[in-house]
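Input: a single structure, listed below in structure tokens.
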Amino acid sequence: MARSINSSVPIFSWEKMDNETSDLEGQIRQRTHKVAELRERGMNPYANDFRVTHAIAEVPRDPQQLPPEPEIAADAPRYAVAGRLLQMNEKGKVAFLFLRGDGGEMIQLFVKIDYPDAFAVMKELQLGDIVGARGAMFATRIGKAAMRTEQLRLLTKAIRPLAGKLLGGQEIKDIEARYRHRYLDMISHPEVVEVFRKRARTISEMRRFFDERRYVEVETRMLLSTNGGATARPFRTHHNTLDVDLYLRIATELDLKRLVVGGIDRVYEIGRIFRNEGMDRFHNPEFTSIEFYQAYATYEDLMALTEELLERLAIAVAGTTEISFQGQAISLRRPFRRISMLEAVLERQPDLPEVQRSGLGLVEAFEAHVEPQLIQPTFVTHFPIEVSPLSRRNDRDPKMCDRFELFVVGKELANAFSELNDPLDQRGRFQAQAVLKQAGDAEAMDYDEDFCQALEYGMPPTAGEGIGIDRLVMLLTDQPSIRDVIPFPQLRPEGG
RNA sequence: GAGCUCGUAGCUCAGCUGGUAGAGCAGCGGCCUUUUAAGCCGUUGGUCGUGGGUUCAAAUCCCACCGGGCUCACCA
């Protein structure tokens, strides 16, 4: 079962290249020879002295506003742009090229023999090359914007031919290839890039949201000798100098609460979490969470804050609170529904047996019958104490705790509670975890003595919350799999 | 971990009631001064995932293995 990390180093060999007979190798060899040939003729195939003056998005490309080519004014503005060559239609003494640049913006180049230098360069280009062009814009006879290319430069030679759809070709359908060679996926499917842009927007907007509220962003340790803060199996690693085994964190919770004890009343961390568990559409072994903690607040305050946050993110990223996820209409407009776990289960099973009305039985019934049905955003509150080793006991019902989870499209999106700050209670909960661990529960938390001591010094009443950012981005960008919002999702190691 | 399913040219696929491989796109050579999935002529390229087996003969049937996908289980 154990598989070592792949450390093979491919050896480049001209002889091997020249002896290869496959079509792909033949194309690579042909393009490699092209590079040498261009160098011999004094053309640098990897030139970096071309100055771009405009992003393609900044170039006027509305044909209504552009003159026909023969009427380009002598002093018309010139634009220097660059991008990847995606299509080339040669028509004898004239050629049309399509470039795609940053942001997926396209521009059409018109290269004609009247500009012999540019024309000669065009003859050397191949699909996939990165090129720079300078010229004036006009409208073609069929009413499309194009740049009369007066200067054309090869900026980077593509040695390996691009696979799949560029413009009008076939899509790459091999899902493995798309994730393993994400750059190909992005070249072939510009909408993939848009998802990553939206992911970035989600996170930056989130930062802004918390910064505005005087939260302090921190980065806590990822390598830990005690593991806690969530129920999950950890990854193990080893520190050579200390000669000690360490865990990769499964949550940021305990360190953030230590910081609250230390006096940062509002703190958050956005960062990677690692859980050594199964993978599917909603789970990647490493994923990104935000956890935030606010002193002198309760989980109820966080419900209001969460509503505000999600509504704002939806507008910032999707442009509206009324989004669609995999064909289901979802409204992220405030307020969200709130219901206790027991009420939620009773709604569907009024005759619920007594043993299922509390403790693990209740959670089981909830997960089996209710969770998948919670399509619209719903806060579920009042969790049994057994599944919440770090949350504050409810003052009226000591079997329950002051906690909520937010569910959307049948999946947990956020988890929050009023934090347990009674050190004696916390020690008892850790002990219960230790018992589970001894009984073989690999997901049980370690007894964290230092954390208990921190609480003994006194943590103000605090509420904290964690949100899975990957799932949130899936929701906001309507992506069916977590792999679609992570640039390099976990796959099996390549090869045997 | 279990079930289902798939693995043929760089990409997308056809061929699979067994007779040693095809198309479109891409590539290469040629023609074309306003095209836009341009067109036309010519052309390269595959030990059909790997290894066994059945057979005169296997991409095609059988078995095993490797890899992918989906579903379930596990998992917040």
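Numbers restart at 1 for each chain; the letters A, B, ... are given by sequence-line order, proteins then strands.
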Distance between [atom1] atoms of [N] and [M] (Å, rounded):
N	M	atom1	value
B/rC32	B/rG42	C1'	16 Å
B/rA26	B/rA2	C1'	41 Å
B/rA9	B/rG22	P	14 Å
B/rA14	B/rU55	P	31 Å
B/rC66	B/rC74	C1'	24 Å
B/rC13	B/rC48	C1'	13 Å
B/rA37	B/rA73	C1'	45 Å
B/rC11	B/rG52	C1'	32 Å

Between A/Phe110 and A/Phe96, how do the two ring planes meet: parallel, tilted or perpendicular, split at 30° and 60°?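 If you compare the ring of A/Phe110 with that of A/Phe96, the planes turn out tilted.
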Which class fits the ring pair A/Phe292 and A/Phe210: parallel under 30°, tilted 30 to 60°, perpendicular over 60°?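 Tilted: the ring planes of A/Phe292 and A/Phe210 meet at 30° to 60°.
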Just to confirm, is there a sub-4.0 Å distance from OP1 or OP2 of B/rG69 to any side-chain nitrogen or oxygen of A/Arg483?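 Yes, A/Arg483 has a side-chain N/O under 4.0 Å of OP1/OP2 on B/rG69.
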Does a nitrogen or oxygen in the side chain of A/Arg178 sit under 4.0 Å from OP1 or OP2 of B/rG68?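 Checking A/Arg178 against B/rG68: no side-chain N or O falls below 4.0 Å of OP1 or OP2.
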According to the Watson-Crick and G-U wobble definitions, with both distances under 3.5 Å, which nucleotide is paired to [N]?
N	result
B/rU47	none
B/rC31	B/rG39
B/rC13	B/rG22
B/rC61	B/rG53
B/rC74	none

In whole angstrom, what separates [X]'s [atom1] from [N]'s [atom2]?
X	N	atom1	atom2	answer
A/Leu127	B/rA38	CG	P	10 Å
A/Asp129	B/rA26	CG	C1'	14 Å
A/His181	B/rC11	NE2	P	10 Å
A/Arg141	B/rU35	CZ	C1'	11 Å
A/Ile28	B/rA26	CD1	P	19 Å
A/Leu86	B/rC25	CG	P	19 Å
A/Phe110	B/rU33	CZ	P	11 Å
A/Gln87	B/rG39	CD	C1'	13 Å

Sugar-phosphate, base or nothing in reach of [X], heavy atoms under 4.0 Å:
X	answer
A/Glu405	base
A/Gln108	base
A/Arg160	nothing
A/Phe383	base

Provide the closest heavy-atom pair for A/Ala414 versus A/Glu465 in the form atom of the first, atom of the second, distance.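 For A/Ala414 and A/Glu465, the tightest heavy-atom pair comes out as CB-OE2, 3.4 Å.
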Grab the two heavy atoms, one from A/Phe336 and one from A/Leu310, that are nearest each other, plus how far apart they are.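 The pair with the smallest heavy-atom distance is CE1-CD1, 3.9 Å.
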Roughly how far, to the nearest 0.5 Å, is the CE atom of A/Met445 from the CZ atom of A/Phe430?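 The CZ atom of A/Phe430 sits 6.5 Å away from the CE atom of A/Met445.
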Taking the six-membered ring for Trp, is the centroid-to-centroid distance between A/Phe366 and A/Phe407 below 6.0 Å?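 So the answer is yes for these two rings.
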Cation-aromatic face contact A/Arg148/A/Phe138, 6.0 Å, 45 degrees: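 Output no; distance or angle outside limits.
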I'd like to know if A/Arg337 pairs up with A/Glu347 as an ion pair, taking the criterion as any Lys NZ or Arg NE/NH1/NH2 lying under 4.0 Å from an Asp or Glu carboxylate oxygen.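 A salt bridge is present here (some side-chain N lies under 4.0 Å from a carboxylate O).
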Could you please spell out the steps behind the salt bridge (Lys or Arg N to Asp or Glu O under 4.0 Å) verdict for A/Lys399 and A/Glu386? CA-CA 8 Å; A/Lys399 289 178 145 352; A/Glu386 289 86 343; 5.6 Å; no
I want to verify a distance call: between B/rA38, B/rU33, B/rC28, whose nearest atom is closest to the A/Asn89 side chain?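 The answer is B/rA38.
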Side chain of A/Gln126: nearest nucleotide among B/rU71, B/rU33, B/rG27?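 Per side-chain heavy atoms of A/Gln126, the pick is B/rG27.
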A/Arg403 side chain vs A/Val380 backbone, donor-acceptor pair below 3.5 Å: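 No, the answer is negative, given that no donor and acceptor are paired below the 3.5 Å cut-off.
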A/Lys91 or A/Leu125, whichever maps to the more 5' nucleotide of RNA chain B: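 Comparing both residues, the 5'-ward one is A/Leu125.
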Tell whether A/Glu90 reaches the base of B/rU35 with its side chain through a donor-acceptor pair below 3.5 angstrom.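 Under the 3.5 Å cut-off, the side chain and the base do not form any donor-acceptor pair.
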Report each atom pair, protein N/O against N/O of nucleotides 73-75 of chain B, whose distance is under 3.5 angstrom.
from	atom 1	to	atom 2	distance (Å)
B/rC74	N4	A/Asp280	OD2	3.3
B/rC75	O3'	A/Glu277	OE2	3.2
B/rC75	O2'	A/Glu277	OE1	2.2
B/rC75	O2	A/His283	ND1	3.1
B/rC75	O2	A/His283	NE2	2.6

